[in-house]
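Note: hydrogens, waters and symmetry copies are ignored here, and every other heavy atom, side chains too, is used. The sequence lines fix the lettering, A, B, ..., with proteins before strands; numbering per chain opens at 1. The shown structure was predicted, so the numbers you read here are calculated from the model rather than taken from an experiment.
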Amino acid sequence: MHSLVLHNSLTRRKERFEPIDPQHVRMYVCGPTVYDLVHIGNARPVVVFDVLARLLRRLYPRVTYVRNITDIDDKINARAAELGVPIATLTGRTTEDFHADLAALGALPPDVEPRATGHITEMIAVIERLIASGHAYAAEGHVLFSVPSYPAYGRLSGRSPDELLAGARIDVAPYKNNPGDFVLWKPSPPELPGWDSPWGRGRPGWHIECSAMAWKHLGESFDIHGGGTDLIFPHHENEVAQSLCAFPGASFARYWVHNGMLLVDGEKMSKSLGNFITLREALARAPGEAIRLLLLRTHYRATPDFSDAALTEAKRELDRFYRALEAFPDIHAVDPPTQVMAALCDDLNTPLALSAMHGLADAALAGDFEAACGLRAAGDMLGLLQAAPEAWFRGAGDDAAEIEAAIAERLAARKARDFARADAIRAELAARGVVLEDGPRGTTWRRAT
RNA sequence: GGUCCGGUGGCAGAGUGGUGAUGCAGCGGACUGCAAAUCCGCGAAUGUGGGUUCGAUUCCCGCCCGGACCUCCA
């Protein structure tokens with residue numbers, strides 16, 4: 001059995017992964033705030049942790065993968081007000097869009113997908129524990145976490161408390177005892193969503209939901225917590241602080257795994273910068289698997305620059321894989337090849353795994369059936385090569401019969417050695433994006449990229 | 001400014017203290033009526049200056065460049 005090594009942000013080095021319970025691995029990943037369509041930067045952690053979940057399921061008997069939906073947030077409130085709809089309408093619709101987009105990327109659903117609004121009770125319980133143990137205080141309808149009460153604050157993000165105080169660049173609210181203190185609960189005016197609490201009608205701060213949901217679904221201590229590097233501070237730092245103070249003696253997440261930022265034109269793609277490409281737009285330009293491959297061609301901690309050229313290249317790479325599978329309609333399930341497993345077990349080295357897959361494709365193209373089976377199994381680990389080769393090459397379209405007819409006409413012309421006519425037909429098809437391939441078993445066709 | 005990450009062929013992108021994977025593109029050849037696909041072959045890279053070492057792309061230090069974070073963010 002391969003042993004898994006993961007880069008742990010907590011120690012900034014690769015560590016051998018040793019689950020708390022080898023019979024049951026537990027992972028929590030930060031999901032989206034549902035106020036708008038996700039962009040392809042948001043898609044990266046989804047794909048990365050989907051691969052990690054697939055790998056964990058291969059290595060361990062049971063895995064619980066939790067990915068939350070943040071459905072209460074000021075951006076949601078603002079957008080709902082703008083649209084003049086209740087927040088539940090906006091978040092429900094956006095969640096459906098999210099699910100549809102991810103399905104197109106071949107991402108399997110997590111085992112649990114908790115929503116913040118369904119866990120207000122748990123959040124209040126965590127906050128009460130923090131107040132009772134002196135780690136939080138109520139002031140002017142707010143409840144704040146007291147950063148000085150937790151000396152290890154800053155450990156995950158590698159910052160000293162002094163530095164964090166000095167660096168506090170927001171206006172310090174008057175009800176804060178300390179500039180670094182952050183909100184656990186805040187009052188809601190009547191026009192905004194709110195829940196009754198011991199501190200009056202209000203709504204949760206951003207960070208508390210993940211502490212509450214991880215606790216509810218995975219327990220006080222669990223194995224892996226994932227998300228983008230941009231979440232390390234303040235979100236994950238605050239989560240750790242809350243959870244460790246609310247549940248002393250527990251470890252919260254033992255391994256923190258963070259994916260790097262996807263760039264576009266050299267800058268982070270983000271909703272706030274407005275330089276994003278929605279996943280839906282990308283899906284209109286290329287098949288979901290091409291986008292997925294684009295995201296997996298780069299190691300998850302690196303920062304790839306998204307471009308149409310990269311998308312095209314990913315599509316071509318998949319073309320070769322599918323061509324290698326094409327000749328073997330009766331592929332059967334086998335264990336993923338050792339080289340692929342070894343690459344994935346080394347901190348999810350997907351580029352190296354893909355390189356091994358190219359070797360398998362070469363062998364399959366040379367007629368090696370076992371290699372084709374291995375390639376397909378490797379594809380299953382990465383969530384790639386899930387289509388039938390014919391469907392991949394011919395794609396959607398209702399003009400197949402028309403194309404077949406043109407091919408038949410061209411065949412007749414070729415038999416009559418009327419190559420001018422045959423070439424004219426091929427050129428017409430090419431103009432429509434259809435490429436012909438004359439092989440020993442007749443002429444086949446595919447749609448060009 | 002502080003903290004952290006990174007700089008590898010035309011592009012993308014791994015590994016490695018001892019003659020630098022893989023993919024895409026390009027070039028030559030085979031196959032083909034011609035193509036396409038496939039196959040064979042070719043050219044092409046470790047930001048910069050030091051240090052450690054028999055030997056550094058790899059380890060250490062300085063510099064330059066790029067990116068992330070520094071309380072909205074995947």
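Between A:Asn349 and B:G15 there is a side-chain N or O to OP1 or OP2 distance below 4.0 Å.
Comparing atom distances between the A:Arg12 side chain and each of B:A74, B:C4, B:A14 picks out B:C4 as nearest. Closest to the side chain of A:Arg159, from the set B:A74, B:A14, B:G2, is B:G2. Comparing atom distances between the A:Glu437 side chain and each of B:U38, B:A37, B:C70 picks out B:A37 as nearest.
By the 6.0 Å contact criterion, CD on A:Gln339 is open, its count of non-hydrogen atoms from other residues, nucleotides or ligands being 12 or less. Within 6.0 Å of CZ on A:Arg301 lie more than 12 heavy atoms contributed by other residues, nucleotides or ligands. Heavy-atom contacts from other residues, nucleotides or ligands closer than 6.0 Å to CG of A:Asp330 number more than 12.
Between A:His258 and A:His236, the angle of the ring planes lies from 30° to 60°, which puts this pair in the tilted group.
Going from the P atom of B:U46 to that of B:G7 covers 14 Å, rounded to whole Å. On the C1' atoms, B:C70 is 33 Å away from B:U57, given to the nearest whole Å. Taking atom C1' in both B:C64 and B:G50, one finds a spacing of 15 Å when rounded to whole Å. Using atom C1' as the reference point in both B:C61 and B:U52, the two lie 11 Å apart (nearest Å). Taking atom C1' on both nucleotides, B:G41 is separated from B:C31 by 15 Å, rounded to a whole Å. Only the C1' atoms considered, B:U19 is 11 Å distant from B:G55, to the nearest whole Å. Taking the P atoms as reference points, B:C24 lies 35 Å from B:C60, given to the whole Å. Comparing the same atom, C1', in B:G26 and in B:G9 gives a spacing of 12 Å after rounding to whole Å.
Protein atom CZ of A:Arg301 is 13 Å distant from nucleotide atom C1' of B:A14, rounded to whole Å. B:C72 atom P lies 11 Å from atom CG of A:Asp74, rounded to whole Å. One can place CG of A:Leu354 at 13 Å from P of B:G15, the figure rounded to the nearest angstrom. Rounded to an integer number of Å, the gap from A:Lys268 NZ to B:C69 C1' is 8 Å. In this structure, the CG atom of A:Leu348 is 12 Å from the P atom of B:A14, given to the nearest Å. For the pair A:Phe276 CZ and B:C72 C1', the interatomic distance rounds to 14 Å; values are reported in whole Å. Atom CE in A:Met269 sits roughly 12 Å away from atom P in B:A68 (whole-Å rounding). Going from atom OH of A:Tyr153 over to atom P of B:U71 covers 10 Å, rounded to whole Å.
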Tell me, with the steps shown, if A:Asp423 and A:Arg426 meet salt bridge (Lys or Arg N to Asp or Glu O under 4.0 Å).
CA-CA 5 Å; A:Asp423 290 351; A:Arg426 186 170 63 196; 3.6 Å; yes
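Side-chain atoms of A:Ser272 come within donor-acceptor range of the base of B:C72, with a qualifying N/O pair under 3.5 Å.
Checked against ring pair (Phe, Tyr, Trp, His ring centres under 6.0 Å), A:Phe276 has the following partners two or more places apart in sequence or in another chain: A:His39. Every residue two or more places apart in sequence or in another chain that forms a side chain to side chain donor-acceptor pair (under 3.5 Å) with A:Glu15 is listed here: A:Asn8, A:Thr11. Residues satisfying the ring pair (Phe, Tyr, Trp, His ring centres under 6.0 Å) test with A:Phe145, not counting sequence neighbours, are A:Phe182. Residues satisfying the ring pair (Phe, Tyr, Trp, His ring centres under 6.0 Å) criterion with A:Tyr255, sequence neighbours excluded, are A:Phe17. With sequence neighbours excluded, the residues satisfying side-chain contact (heavy atoms from CB on, under 4.5 Å) with A:Ala116 are A:Asp71, A:Ile72, A:Met123, A:Glu209, A:Met213.
Using a 4.0 Å heavy-atom criterion, one finds that A:Leu262 contacts the bases of the nucleic acid, with or without backbone contacts as well. Among the heavy atoms of the strands lying under 4.0 Å from A:Lys75 are primed sugar atoms or P, OP1, OP2 only; no base atom is included. Note on A:Leu436: a base of the nucleic acid sits closer than 4.0 angstrom, heavy atoms only. Using a 4.0 Å heavy-atom cutoff across all strands shown, A:Gly260 reaches at least one base atom of the nucleic acid.
Salt bridge status for A:Asp36 with A:Lys75: absent, with no side-chain N to carboxylate O gap under 4.0 Å. Taking the charged nitrogens against the carboxylate oxygens, A:Arg93 and A:Asp97 have no contact shorter than 4.0 Å, which rules out a salt bridge. Ion pairing of A:Arg446 with A:Glu326 is absent here, as no side-chain N (NZ or NE/NH1/NH2) approaches a carboxylate O to less than 4.0 Å.
Toward the 5′ end of RNA chain B lies the nearest nucleotide of A:Arg446, the other residue of the pair A:Arg446 and A:Glu267 mapping further downstream. Residue-to-nucleotide proximity on RNA chain B shows that, of A:Val435 and A:Asp305, the 5′-proximal contact is made by A:Asp305.
Remark: the A:Gln242 side chain and the A:His135 side chain contain no N/O donor-acceptor pair separated by less than 3.5 Å. Of the N and O atoms on the side chains of A:Tyr300 and A:Asp347, at least one donor lies less than 3.5 Å from an acceptor on the other residue.
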Can you pull every protein N or O that's under 3.5 Å from an N or O on nucleotides 26-33 of chain B?
unit_1, atom_1, unit_2, atom_2, d
B:G33, O6, A:Arg414, NE, 3.2
B:G33, N1, A:Asp423, OD1, 2.9
B:G33, N2, A:Asp423, OD1, 3.4
B:G33, N2, A:Asp423, OD2, 2.5

Intra- and inter-strand pairing of RNA chain B, written as dot-bracket with Watson-Crick and G-U pairs under 3.5 Å and | for the latter, reads (((((((..(((.....[...))).(((((.......)))))....(((((..]....))))))))))))....
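Non-hydrogen atoms lying under 4.0 Å from RNA chain B are contributed by A:Glu313, A:Arg316, A:Glu317, A:Arg320, A:Arg323, all within residues 307-326 of chain A. A heavy atom lying under 4.0 Å from RNA chain B marks the following residues of residues 279-299 of chain A, by number: A:Arg297, A:Thr298, A:His299. Interface residues of residues 29-43 of chain A facing RNA chain B, ordered by number: A:His39, A:Gly41, A:Asn42; criterion, heavy-atom separation under 4.0 Å.
Note: A:Phe252 CZ to A:Leu244 CG = 8.0 Å, rounded to the nearest 0.5 Å.
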Distance-only donor-acceptor hits, side chain of residues 359-366 of chain A, under 3.5 Å, sequence neighbours excluded:
unit_1, atom_1, unit_2, atom_2, d
A:Asp362, OD1, A:Arg320, NH2, 2.6

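Each salt bridge (charged side-chain N to carboxylate O under 4.0 Å, His left out) pair with one or both residues in residues 252-264 of chain A, not counting sequence neighbours, would appear here, but there are none.
Annotation: cation-pi geometry not satisfied between A:Arg67 and A:Phe49 (NZ/CZ under 6.0 angstrom from ring centroid, within 45° of ring axis).
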